[in-house]
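Below is one structure, written out as structure tokens; the observations come after it.
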Amino acid sequence: MSSVFEYQCCECGRCYARDEVTYLCPACSASWKPGMPLKGVLRAEFDYAGIRRRLHPRRIDWRLWNAVEERYFPLCAVGNTPFTRIDRFGTLAGFANLWAKNDGLNPSGSLKDRASFLVAADALRTRARTLVAASTGNAASSLASVCAAAGLKCIIFVPAAAPKAKLVQILMHGATLLPVRGTYDDAFRLSLEFTAKYGGLNRNTAYHPLTIEGKKTAGLEIFRQNGGRAPEAILVPVGDGVILSGVHKAFSDLRASGLIEKLPRLIAVQAESSDAIHHFIQTGHYRNAEEPHTIADSISVAAPSNAIMARQAVLESGGFSLTVSDEEILAGQKKLAETTGIFAEPAAAAAAAGMLKLKGDARIDPQARIVLLITGHGLKDPGASLGRLQLPQAVEPDLGQVEALLNGE
Ligand SMILES: *Cc1c(COP(=O)(O)O)cnc(C)c1O
Ligand SMILES: [Zn+2]
């Protein structure tokens, strides 16, 4: 049984009935122009008093916080990803109680499946036939995969330079692929023009409010897998700021439902050249990132869609933000892979890089229970890692040669 909810604008606070709006707050979004963060992003507000009444603290019905009824769910195994302790990586980073939530193990290899899943469920509820999305690559490959499972038509706009594996996924799942000669921000604008003229349900991140609700399930799982408690902090790689807002929403819902008192501190990790949200958090003033050019393609964005909500989320949680360089990302990716068995794509590895960078930082207790949210699988972009690796010379099938090689002769 899911609960009733209404949408509330994160800027003006106006409320709308569930089916009164599809995307943004009509009042606030009127002043939005392409090339800036979205205005009037909506948050689903549940009937928390009703949830409290129906809640059995020892036998929690997780469907209470579902924004779409279970009977509309597509048949694909999204979510329920592993949550594991990562001690050897923790030792490297100087933290004693480190955990990884490995969302690279979703069907399409990224956390984006959670958002695609819920928007597709709502498409099935409202009988929309076609889903449209602009993406740096993962939201697109994810939507293509979920649409294939749900029997929905899928149209995708991505920067032509997106990693090949992600383009292959989109095509394999039978979506219509429109590679855009331009940036993610260009693809985002183009997809909005497309759906305004030709229809189709637009799944763009934050633009469709259920993307936040979908990503929320990662936070709910962390709570559940952590023994029904909030960890002290969660490191989240941040591009548009929707994953972070979704994780915040999970704990905010749990707090409103009486299950926790304090939010985990949310630590936003951005790439140096794609730092608009970090800058906004640090200074209180918003400006776009000038020319994002990070190897972490999934967090490469000039004007993050959900900058306003993400900043509110970090500040409300008592967290903070930091940036990491591409070199730090690749080093963090390698160390995580070597010490945990988890191969994260560069954007996901930003969380690991951030953790290494926070070694000895007074803002965070080295004994605290901290979770790294691993948002995407490394096999989505092996090219990024290959640059730092040296493929060994081949040997003849001869043991002598193997011995010579291992002895460095
Ligand atoms: C999309 C994505 C992110 C960033 O999520 P936002 O909601 O854009 O902040 C991080 N890592 C991976 C692997 C992603 O696909
Ligand atoms: Zn508004």
Side-chain angles (χ1 to χ4, degrees), residues 7-16 21 23-32 37-43 101-104 106 108-116 133-143 158 162-163 166 169 184 188 204-207 209 211-212 214-216 218 235-249 266 268-271 274 276-278 292 294 296-301 303-311 313-314 321 329 333 343-354 372-381 384:
Y7 285 121
Q8 184 171 30
C9 173
C10 81
E11 284 179 74
C12 72
R14 271 193 195 83
C15 291
Y16 301 92
V21 285
Y23 303 121
L24 304 170
C25 167
C28 292
S29 61
S31 64
W32 179 75
L38 293 174
K39 293 184 68 72
V41 175
L42 298 173
R43 222 176 108 100
K101 172 70 173 163
N102 189 0
D103 249 53
N106 274 298
S108 86
S110 85
L111 189 147
K112 298 290 196 291
D113 285 352
R114 297 177 184 274
S116 301
S135 155
T136 58
N138 279 344
S141 52
S142 158
L143 187 63
V158 286
K166 301 183 184 183
Q169 285 182 290
Y184 165 54
F188 197 96
N204 282 10
T205 194
Y207 184 69
T211 52
I212 302 165
K215 290 174 173 185
K216 175 178 91 174
L235 268 77
V236 184
V238 171
D240 279 307
V242 176
I243 294 180
L244 184 127
S245 302
V247 171
H248 171 268
K249 178 62 163 47
L266 298 176
V269 189
Q270 289 211 283
S274 178
I277 290 178
H278 169 68
T294 170
D297 62 293
S298 306
I299 51 173
S300 183
V301 51
S305 314
N306 213 26
I308 296 167
M309 196 187 278
R311 173 172 176 269
V314 168
S321 63
I329 287 173
Q333 182 190 39
F343 184 19
E345 70 165 88
L372 304 186
L373 186 53
I374 305 300
T375 47
H377 202 291
L379 288 177
K380 276 178 162 278
D381 188 9

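Start at 1 and go down the list; that is how both ligands and their atoms are numbered.
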Exercise. Answer yes when K166 and D297 have at least one side-chain N-carboxylate O distance shorter than 4.0 Å, and no when they do not.
Key: yes
Exercise. Could you tell me whether the side chains of E345 and S298 share a donor-acceptor contact shorter than 3.5 Å?
Key: yes
Self-check item: Apex the Zn ion (ligand 2) - arms SG from C9 and SG from C25 - angle rounded to 10°
Solution: 110°
Quiz item: Going by the order shown, which atoms of ligand 1 are within less than 4.0 Å of some heavy atom of V242?
Solution: 6 (P), 7 (O), 9 (O)
Self-check item: For G239, atoms of ligand 1 separated by under 4.0 Å from a heavy atom
Solution: 4 (C), 6 (P), 8 (O), 9 (O)
Quiz item: Going by the order shown, which atoms of ligand 1 are within less than 4.0 Å of some heavy atom of E345?
Solution: 13 (C)
Quiz item: Nearest protein heavy atom to atom 11 (N) of ligand 1, by residue and atom, and its distance?
Solution: T375 OG1, 2.6 Å
Quiz item: Side-chain donor-acceptor pair under 3.5 Å between S245 and N306, yes or no?
Solution: yes
Quiz prompt | V238 N/O to ligand 1 N/O under 3.5 Å | solution = no
Quiz item: Do you know the tightest heavy-atom contact between P37 and A303?
Solution: N-CB, 4.1 Å
Quiz item: Which ligand 1 atoms, with their elements, are less than 4.0 angstrom from a heavy-atom of N138?
Solution: 13 (C), 14 (C), 15 (O)
Quiz item: If you count the atoms of ligand 1 from 1 in the order shown, which ones are under 4.0 Å from a heavy atom of G376?
Solution: 13 (C)
Quiz item: With the threshold set at 4.0 Å, does a side-chain nitrogen-carboxylate oxygen contact exist between D103 and R114?
Solution: yes
Exercise. Run the numbers for me: atoms of ligand 1, each under 4.0 Å from some heavy atom of A347, listed by number.
Key: 11 (N), 12 (C)
Exercise. List the steps, then state whether side chain to side chain contact (heavy atoms under 4.5 Å, CB included) holds for K112 with I243.
Key: CA-CA 8 Å; K112 298 290 196 291; I243 294 180; 4.3 Å; yes
Quiz item: Looking at E11 and G40, what are the two nearest heavy atoms and their distance?
Solution: OE2-N, 2.6 Å
Quiz item: Does any N or O in the side chain of N138 come within less than 3.5 Å of the main-chain N or O of S110, such that one atom is a donor and the other an acceptor?
Solution: no
Quiz item: In the protein, what heavy atom is nearest to atom 5 (O) of ligand 1, and what distance, to one decimal place, separates them?
Solution: I243 CD1, 3.2 Å
Quiz item: What protein heavy atom is closest to atom 2 (C) of ligand 1, reported as residue, atom name and distance in Å?
Solution: K112 NZ, 2.3 Å
Exercise. Report the member of N306, T205, I299 with the shortest heavy-atom distance to atom 4 (C) of ligand 1.
Key: I299
Self-check item: Residue and atom name of the nearest protein heavy atom (relative to atom 8 (O) of ligand 1), distance in Å to one decimal
Solution: D240 N, 2.8 Å
Quiz item: Is it true that some N/O/S atom of C10, main chain or side chain, lies under 2.8 Å from the Zn ion (ligand 2)?
Solution: no
Practice problem: Could you say whether the N/O atoms of G241 and ligand 1 ever approach to under 3.5 Å? | Solution: yes
Quiz item: For D240 and Y184, what are the C-alpha separation, side-chain angles and deciding distance, and is it a side-chain hydrogen bond (donor to acceptor under 3.5 Å, both in side chains)?
Solution: CA-CA 11 Å; D240 279 307; Y184 165 54; 2.7 Å; yes
Practice problem: Determine the minimum heavy-atom distance between A313 and L244, stating which atoms define it. | Solution: CB-CD2, 3.7 Å
Practice problem: Could you tell me which atoms of ligand 1, counted from 1 in the order shown, lie closer than 4.0 angstrom to a heavy atom of K215? | Solution: 7 (O)
